[in-house]
Amino acid sequence: MEMCILFIYRISHEGKCMNEVKIGGIGRYLIAFVSVITTLVLPVVVILYVYGYIIWTLRTNKFKLSMKIQQSVRDAFKAMTIVSVTYTICWTPDMVLYFVTTFVTPSDWEGNFYQWALVLAGSNV
């Protein structure tokens, strides 16, 4: 997915990231849209679906829910919440900057916000 960077940006002689569109305008917008979907939206949807299915499976047990199963449901819900909120917090700033840079106006790729966004995204690993 990140191969699109080769077609949109380049490093100048001064070492700065420059927007050099080698793809037509619609291609650039399509790449940005797909990137946001595959990096932010799709993973959050998958996380919510998988943990939701786990919780649903534990809750729809045909037998009376034992204390252990009830605790498992609570633990799964806590894990789902922590994982999805953390992922969203860590990746949203970077994706917003990328989306705004592509669709609205070029942004400062060397500014504090960009550095902060990279640290958040990297810390999610």
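Worth knowing before you read on, the calculation uses all heavy atoms, side chains too, and leaves out hydrogens, waters and symmetry mates.
- No more than 12 heavy atoms of other residues, nucleotides or ligands shown are found within 6.0 angstrom of CZ on Phe77.
- Val96 and Ile89 fall into different hydrophobic clusters, defined by Ile, Leu, Val, Met, Phe, Trp and Tyr side-chain heavy atoms under 4.5 Å apart, directly or through other members.
- Tested against Ile47 for a side chain to side chain contact (heavy atoms under 4.5 Å, CB included), the candidates Thr86, Thr88, Val83 yield a single pass: Val83.
- Shortest non-hydrogen contact noted between Leu40 and Met95 is CB-CG, 4.0 Å.
- Val46 and Trp91 end up in the same hydrophobic cluster when Ile, Leu, Val, Met, Phe, Trp and Tyr side chains are linked at under 4.5 Å.
- Residue Ile37 belongs to a hydrophobic cluster whose other members are Phe33, Val41, Val45, with links defined by side-chain heavy atoms closer than 4.5 Å.
- The two residues Leu120 and Pro93 have their closest heavy-atom pair at CD1-CG, 3.8 Å.
- Each of Asn124, Ile82, Thr92 was checked for a side chain to side chain contact (heavy atoms under 4.5 Å, CB included) with Tyr87, and the lone residue meeting it is Asn124.
- A tilted orientation is assigned to the rings of Tyr53 and Trp56, their planes being inclined by 30° to 60°.
- Val85 and Met80 sit in two unconnected hydrophobic clusters of ILVMFWY residues. Membership requires side-chain heavy atoms under 4.5 Å apart, directly or through other members.
- The shortest distance between side-chain heavy atoms of Tyr114 and Asp94 falls below 4.5 Å.
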